[in-house]
Amino acid sequence: MLRLGLAQWHHRDWTTQIGGRGLAAYAEQFNTVEAGSTFYALPSLQTVAQWSLDTHSDFRFSFKLPQTVTHRGGLVANSPELNEFFRVLDVVLDRCAPFMIQLPPTFTKAHFSSLEAFLLSLPAGLRYGIEFRHPDFFDRAETERATNQLLYQLGIERIWFDTRALRASAADNDATQDAQRKKPNVPTYGYALTDTPMVRLISHTYWQGAKDHATQWAKRFAQWVDDGREVYCFAHTPSNARAPEFAGAIQDLSAQFSHQIPSWQWRSGTTGSLL
């Protein structure tokens, strides 16, 4: 199946697009979300319990590992910070997509041994995806091969963050300029190592200009779905104001290439249903 979501579940410009505010409204339109808030701080146990109440059993959270682990902690195996992360999220572990391990651009092939030790120490029975941001891991040679072999053996997916559409034309507003400056600019090879491929797509402000890139992915998503994989795609725009529309367009494109992918259905009464 194709699971399509956004980079957050609340945005001031989404109230009419998805028919409400907050996670409960979001979960009525989407069945997964890129939960990046855990990268910055852990929620309270009460908050996590509410997340469980606000979502249905088929909803999937893709929580991002804390920056204290991935960026500041040096990927220390079995660290207290990582153990606390999983403890806090325990009540929603049955609704978890692969956890996102986002590494900083300073993480190079010189750190491979610490990467291996860290991945080997992760709790069993859960799914993981990892996003690299240093060119070493895209070298089409020894480092990429060794990395992919390790990930394949451990059943860990490689996350692709496709920023090509974002950079296809000059920025004409502050949000796009900021995104072009901050988002990674690394190759997107688009292969899958597990049964849960993970792709993050960001368009220019005007997502219609990303149709060519989105169509390339739509064909790949259709192939993966037809192969029996559970595909995760997270749609972004520079400010995310129009991300719901972009997500709907991605699914409609994917539906053209697989009978197993339905066309996008906006909730009745939302402005999205009028697009």
Side-chain angles (χ1 to χ4, degrees), residues 2 4-18 29-30 32-34 36 39 62 64 100 102-106 129 131-140 158-191 197-224 231-257 261 263-264 266 270-272 274-275:
L2 173 60
L4 200 59
L6 309 178
Q8 59 202 80
W9 58 69
H10 173 73
H11 192 287
R12 65 189 181 202
D13 294 330
W14 292 356
T15 303
T16 55
Q17 287 188 66
I18 66 173
Q29 182 68 71
F30 298 94
T32 189
V33 69
E34 183 180 309
F39 179 76
S62 186
K64 191 175 291 186
M100 286 189 173
Q102 180 185 300
L103 298 180
T106 54
E131 181 185 318
F132 298 100
R133 296 195 169 189
H134 191 279
D136 283 355
F137 297 95
F138 303 84
D139 65 358
R140 309 303 272 172
R158 185 161 181 157
I159 300 172
W160 302 107
F161 194 178
D162 190 348
T163 63
R164 292 175 298 167
L166 171 67
R167 305 178 191 283
S169 56
D172 58 359
N173 57 66
D174 291 343
T176 302
Q177 185 177 49
D178 186 58
Q180 289 179 342
R181 184 176 67 254
K182 292 180 178 178
K183 301 303 181 184
N185 187 14
V186 291
T188 304
Y189 299 138
Y191 47 75
M198 301 181 73
V199 178
R200 306 171 72 203
L201 298 180
I202 182 168
S203 75
H204 204 274
T205 297
Y206 308 104
W207 58 263
Q208 291 87 344
K211 188 173 182 180
D212 288 346
H213 296 109
T215 300
Q216 293 173 18
W217 281 112
K219 294 178 180 179
R220 186 68 54 86
F221 295 160
Q223 178 185 346
W224 284 336
V231 181
Y232 286 85
C233 175
F234 300 100
H236 302 230
T237 59
S239 71
N240 282 322
R242 303 188 67 183
E245 297 174 30
F246 186 36
I250 292 169
Q251 177 141 338
D252 281 340
L253 286 170
S254 301
Q256 296 177 21
F257 302 104
I261 300 175
S263 59
W264 188 250
W266 290 100
T270 65
T271 55
L274 303 177
L275 293 174

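If you're wondering where the values come from, they're calculated on a predicted model, not measured in any experiment.
No side-chain donor-acceptor contact under 3.5 Å links Y189 to the backbone of R140.
Interatomic distance, H236 NE2 to F246 CZ, rounded to the nearest 0.5 Å: 9.5 Å. Within the model, atoms CG of L6 and SG of C233 stand 9.5 Å from one another, a figure rounded to the nearest 0.5 Å. The CG atom of N173 sits 6.0 Å away from the OH atom of Y206 when rounded to the nearest 0.5 Å. If you take OG1 on T237 and CD on E245, they are separated by 8.5 Å, rounding to the nearest 0.5 Å. The CG atom of L201 sits 9.0 Å away from the CG atom of L4 when rounded to the nearest 0.5 Å. Interatomic distance, F234 CZ to S62 OG, rounded to the nearest 0.5 Å: 4.5 Å.
The two residues S203 and A165 make their nearest non-hydrogen contact at CA-CB, 4.1 Å. Residues A170 and H204 share a closest heavy-atom pair of O-NE2, 3.2 Å. The shortest non-hydrogen separation linking A249 to W207 is CB-CZ3, 3.4 Å. Smallest separation of non-hydrogen atoms from S263 and Q251: O-NE2, 4.1 Å.
P238 places none of its side-chain heavy atoms less than 4.5 Å from the side chain of D178. In this structure, R242 and Q208 have side chains that are in contact, with non-hydrogen atoms separated by less than 4.5 Å. At a threshold of 4.5 Å between non-hydrogen side-chain atoms, the residues Q8 and W14 count as touching.
R200 forms a cation-pi arrangement with F161, by the criterion of a distance under 6.0 Å to the ring centre and an angle within 45° of the ring axis.
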Could you walk me through whether K64 and Q102 pass the side chain to side chain contact (heavy atoms under 4.5 Å, CB included) test, one step at a time?
CA-CA 7 Å; K64 191 175 291 186; Q102 180 185 300; 2.9 Å; yes

Begin with the C-alpha distance, continue with both residues' side-chain angles, and end with the deciding distance and a verdict on side chain to side chain contact (heavy atoms under 4.5 Å, CB included) for M100 and Y232.
CA-CA 12 Å; M100 286 189 173; Y232 286 85; over 6 Å; no

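The side-chain contact (heavy atoms from CB on, under 4.5 Å) test applied to A241 returns H11, D13, S239, not counting sequence neighbours. Remark: T188 pairs with no residue by the side-chain hydrogen bond (donor to acceptor under 3.5 Å, both in side chains) rule, at least two apart or across chains. Applying the side-chain hydrogen bond (donor to acceptor under 3.5 Å, both in side chains) criterion to N185, with sequence neighbours excluded, gives no partner residue. With sequence neighbours left out, the ring pair (Phe, Tyr, Trp, His ring centres under 6.0 Å) criterion links F30 to Y26, W264. Evaluation of the side-chain hydrogen bond (donor to acceptor under 3.5 Å, both in side chains) rule for K183 yields no partner, not counting sequence neighbours. When the side-chain contact (heavy atoms from CB on, under 4.5 Å) test is applied to P105, the partners found at least two apart in sequence or on another chain are R133. For F137, the ring pair (Phe, Tyr, Trp, His ring centres under 6.0 Å) criterion is met by F132, not counting sequence neighbours. Residues satisfying the side-chain hydrogen bond (donor to acceptor under 3.5 Å, both in side chains) criterion with H213, sequence neighbours excluded, are absent altogether. Taking R158 as the reference, nothing meets the salt bridge (charged side-chain N to carboxylate O under 4.0 Å, His left out) condition, with sequence neighbours excluded. R12 is linked by a side-chain contact (heavy atoms from CB on, under 4.5 Å) to nothing, counting only residues two or more places apart in sequence or in another chain. In this structure, the side-chain contact (heavy atoms from CB on, under 4.5 Å) partners of A171, at least two apart in sequence or on a different chain, are T176, Q177, Q180.
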Donor-acceptor contacts, no H, no angles, side chain residues 214-222, under 3.5 Å, sequence neighbours left out:
residue	atom	partner	partner atom	Å
T215	OG1	K211	O	2.7
Q216	OE1	R164	NH1	3.2
Q216	OE1	R164	NH2	3.3
W217	NE1	D162	OD2	2.7
R220	NH1	G190	O	2.3

